[in-house]
Participant: 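Here it is: the structure, laid out below.
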There are 2 protein chains.
Amino acid sequence: MRIGVLARAAGVSVPTIRYYESAGLLTPPGRQGGQRIYGGEDLKALRLIRHCRELDFSIDETREILASVQRRLPCSETKTYAEKHLGSIRKKIAELRALEATVAALVSGCEATCSGSAAPDCVILQAGVANCG
Amino acid sequence: MRIGVLARAAGVSVPTIRYYESAGLLTPPGRQGGQRIYGGEDLKALRLIRHCRELDFSIDETREILASVQRRLPCSETKTYAEKHLGSIRKKIAELRALEATVAALVSGCEATCSGSAAPDCVILQAGVANCG
DNA sequence: GCTTGAACCTCAAGTGGCTTGAGGGCGTAG
DNA sequence: CTACGCCCTCAAGCCACTTGAGGTTCAAGC
């Protein structure tokens, strides 16, 4: 299987596969006339990589997951990565919700303060540089 | 005011200020003996930049907001940026919540399937390469 | 006047996870 | 033998900075 076939089979671009190889996720395959030739195991590994990446694991985390799979460690270890990852997802959600509240308050505050009159302070630009109206 | 004083006054690092200048957010100040000398307006501008960045506006958005402030446009235009930004924040929250649900389901599915027995398929590694137990 | 040390300068490279582009080699069909 | 598609490597670009190297300027103490 040449790299283009592998790419289509896994739904990734060709440069992405070469990038994964350079990043140490895919082991360098054999070559024929300088061209990479892949087997079924490579496709399995690539699909697992895509699975991890779609779950938003980082490249480093994905490499660790791959390593533990290849060392045939019990999945309890992989579950630990997933749990840690879940924690960081939840943290990011909390941050974004706080940000959402802040920006929403600015928008509605601007509407209340500035609409219809030449209000001196627009809450959006608390630096005090804004010219409201 | 030299760059270090400005940095402390605005709560940013010195290289960040030089980066903002190179990115076209801060106008290049005058120099004395090759060193940048800032005034009060620069501090105001830098504080507005930090305000925008803390609200997670991109550099490009921040540059547009600064420009509209400096052209003394009504804040209704700035409010438009904020509303657009609010939309993208909410979209990202929705994506992360979907991701959270997926990863949480994987973790609890692994607990249900794999704990105590040598389960053949761990849901976390759907590629089928996992060795559960 | 001299020395020290902090603060300043420019330029380059690193971060993450790829994508895009330049410039050339290989394989196969007509 | 030519044309075309696929492949190769290497370098740069994205974002918003941070870090580091190597050199200059400023302010204070002696």
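Proteins come first, then strands; the chains are lettered A, B, ... in the order of their sequence lines, and each starts at number 1.
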Participant: Between P on D:dT19 and CD1 on B:Ile17, what's the gap in Å once rounded to a whole number?
Facilitator: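 One finds 15 Å between P of D:dT19 and CD1 of B:Ile17, rounded.
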Participant: What string of B, S and - do you get for nucleotides 3-17 of chain D 5' to 3' if you count protein non-hydrogen atoms under 4.0 Å?
Facilitator: ----SSB------BB
Participant: How about A:Ile37 and A:Arg2: do any of their side-chain heavy atoms sit closer than 4.5 Å?
Facilitator: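 Answer yes - side chains close enough.
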Participant: On a heavy-atom basis, which atom in A:Ile59 and which in A:Ala23 lie closest, and how many Å separate them?
Facilitator: CG2-CB, 4.4 Å
Participant: Roughly how far, to the nearest 0.5 Å, is CG of B:Leu26 from CZ of B:Arg18?
Facilitator: 12.5 Å
Participant: Suppose the criterion is side-chain hydrogen bond (donor to acceptor under 3.5 Å, both in side chains): which pairs have a residue in residues 83-92 of chain A, not counting sequence neighbours?
Facilitator: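 Every side-chain hydrogen bond (donor to acceptor under 3.5 Å, both in side chains) pair that includes a residue of residues 83-92 of chain A, provided the two are not neighbours, is A:Arg90-B:Glu100.
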Participant: Are more than 12 heavy atoms from other residues, nucleotides or ligands located less than 6.0 Å from atom CZ of A:Arg97?
Facilitator: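 12 or below, so no.
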